[in-house]
Amino acid sequence: MIKKVRPHINQNEPLLFERSSPGKVAYQLPPLDVPPVDPAAALGADWVRSEISGFPEVSEVEVIRHFTRLSTWNYAIDLGVYPLGSCTMKYNPRLNEYVARLEGLAQAHPYQPEHLSQGAMRIQATLEQMLAEITGMDAVTLQPAAGAHGELTGIFLVRALLESRGDAREKVLIPDSAHGTNPATAHMAGYQVVSIPSNAEGMVDLGQLDHLVDDSVAALMVTNPNTLGIFEREIRQIARLLHSRGALLYMDGANMNALVGIARPGDFGVDVMHLNLHKTFSTPHGGGGPGGGPVAVTRELEPLLPAPRIVSRNGALSYDYDRPQSIGRVRAFYGNFGVLVRALAYILAHGGNGLRNATLDALLNANYVRRHLEGCYELPYNAPTMHECVFSDSRQAALGVRTGDIAKRLIDYGFHPYTVSFPLIVHGAMMIEPTETEDKRELDLLIDALRSIAEEVQRDPELVRSAPHATRTTRVDEVSAARKPVVRWKPA
Ligand SMILES: *Cc1c(COP(=O)(O)O)cnc(C)c1O
């Protein structure tokens, strides 16, 4: 009797080492048609490897199948909706990849002389202009390699400006809903972090702010829309209050997917902000990079931007290193060029109206998800939803099921989990950001899965608590995996 059906795609693919069988060879070279030489004599004995012990001996098709099977184990944006949204990686249109692979761009070398780099430099100059237009800011640097790096650059700019006024000040205010990189940045730039509690609507409390901003405050770092997916409606008053007391407004632009083409930070009083090209502008964001974290500033901060700056002289572009007020370089060369190319391709392929429509679709999709799930999951803040909605697990927690359990169960339904337990101010947070690219059919599948899981929690909480059931491994020890990873194969 067959006890267990072995699916054709083996869910427990062994290591190649475990498949090894002595004498198997994946590829055979044709017989020598030249006289053989002694490798040690030809290369020097030091360069000749002795036997590699435990090296797997497998056939060609075993190697091909092994890696092809492993490749099917990944969830990918090309397979289905990614409820983590732009903050992790939204869909990167194929056109961006095509443009980035054009030979003249892909093979450009950073040490190429300026007169041979005019095209690459024009891409950078054009992207700076377009990002300035999109944000409503006066100048942009493309140097920072990611959002957190942009934040650090931005707060260095704040410090440099305040120092030039004779008073760097001591504190940076940060709402309690902020991303962890904000307080880390302020701390690294030598500021003391003061947390501002959000009000009942999930926004910065103007009264609290009024109370906290004195002449020791350098800046407020605010994410808008914030990490609850809520637009800070009083942002103009916030900016006015800060400016009236000599402080600056830093905006974390990680959520610009909700604003592009609709509202411009420069128009609501922001002094300095970063963008995440690998979020809003769709460039790939795998394995920790590479990314792009351009910083946009007002005219007042422009002379302080990292050197060099691209300038146009007599019809040609060149790098200007003579920037006496600059905070200096923050990165080698001029940013992650391939990312810049993709971001510009994305912007130009959409055009102004296209970018605006993408934003509107992102908002529509998040609101559609919210509407269809608010009957099953608790919505801790009832303010209008922008590009993402944040539920809490409080109804399910009453039955002993937490956000992490629901996320694991979602894997059984064939979806990547949503963002678990962030933002921290929502206990048991379940954050869903569908982005603009998902159509109604795909969203309905996700909604059906999450509604079905909510019913399972009522009927059989243990089923959800012990998920996933359809994967190769169930619960792994995530803490040990992160702290003590085993990455080396030791042959027996
Ligand atoms: C992603 C994110 C950051 C950090 O950006 P990286 O590009 O990952 O360094 C900062 N703030 C918010 C709100 C984010 O979502």
Side-chain angles (χ1 to χ4, degrees), residues 82-90 92 131 135 140-156 172-189 193 195-196 198 202-204 219-232 235 249-260 265 270 272-296 330-331 335-336 338-340 342-343 362 366 386-390 418-426 429-435:
Y82 230 72
L84 299 167
S86 71
C87 236
T88 293
M89 180 177 155
K90 68 180 190 181
N92 171 42
L131 295 178
T135 56
V140 173
T141 173
L142 304 175
Q143 267 189 40
H149 195 194
E151 287 175 37
L152 190 64
T153 306
I155 296 298
F156 281 167
V172 167
L173 306 180
I174 300 179
D176 57 3
S177 59
H179 193 271
T181 51
N182 292 185
T185 293
H187 181 79
M188 285 179 75
V193 175
S195 174
I196 316 176
S198 304
M203 292 187 271
V204 172
L220 168 73
M221 288 182 90
V222 72
T223 307
N224 198 18
N226 63 32
T227 59
L228 294 161
I230 296 169
F231 187 80
E232 297 282 352
I235 192 73
L249 178 57
Y250 183 95
M251 189 178 117
D252 178 328
N255 288 342
M256 277 299 285
N257 216 46
L259 300 190
V260 172
V270 168
V272 49
M273 65 176 293
H274 77 262
L275 293 158
N276 304 62
L277 298 182
H278 46 286
K279 294 181 178 177
T280 314
F281 297 95
S282 87
T283 71
H285 189 190
V295 169
V330 298
R331 195 187 179 283
N336 280 324
V339 168
L340 307 180
R342 288 172 177 86
M386 296 287 286
H387 66 307
E388 62 193 359
C389 49
V390 182
Y418 48 77
T419 302
V420 173
S421 304
F422 182 84
L424 300 176
I425 61 162
V426 172
M430 308 168 54
M431 179 198 272
I432 302 177
E433 182 189 351
T435 80

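We use all heavy atoms of the structure for the numbers below, so side chains are in, but hydrogens, waters and symmetry mates are not. Small disclaimer: the values here were computed from a predicted structure and weren't measured. Ligands are counted one by one from 1 in listed order, and the atoms in each one are counted from 1 as well.
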List for me each residue that meets ring pair (Phe, Tyr, Trp, His ring centres under 6.0 Å) alongside [X], sequence neighbours excluded, and say none if there are none.
X: F156; result: none
X: H179; result: F422
X: H278; result: H285

Q: Taking the side chain as every heavy atom from C-beta outward, state whether L142 and L131 have any pair of such atoms under 4.5 Å apart.
A: yes

Q. Tell me, do Q143 and T153 make a side-chain contact under 4.5 Å, heavy atoms counted?
A. no

Q. So which protein residues pack against ligand 1 under 4.0 Å, heavy atoms counted?
A. C87, A146, G147, A148, E151, H179, T181, T223, D252, A254, N276, H278, K279

Q.
Using modelled atom types and a 3.5 Å cut-off, is there a donor and acceptor pairing between side-chain atoms of E232 and backbone atoms of V204?
A. yes

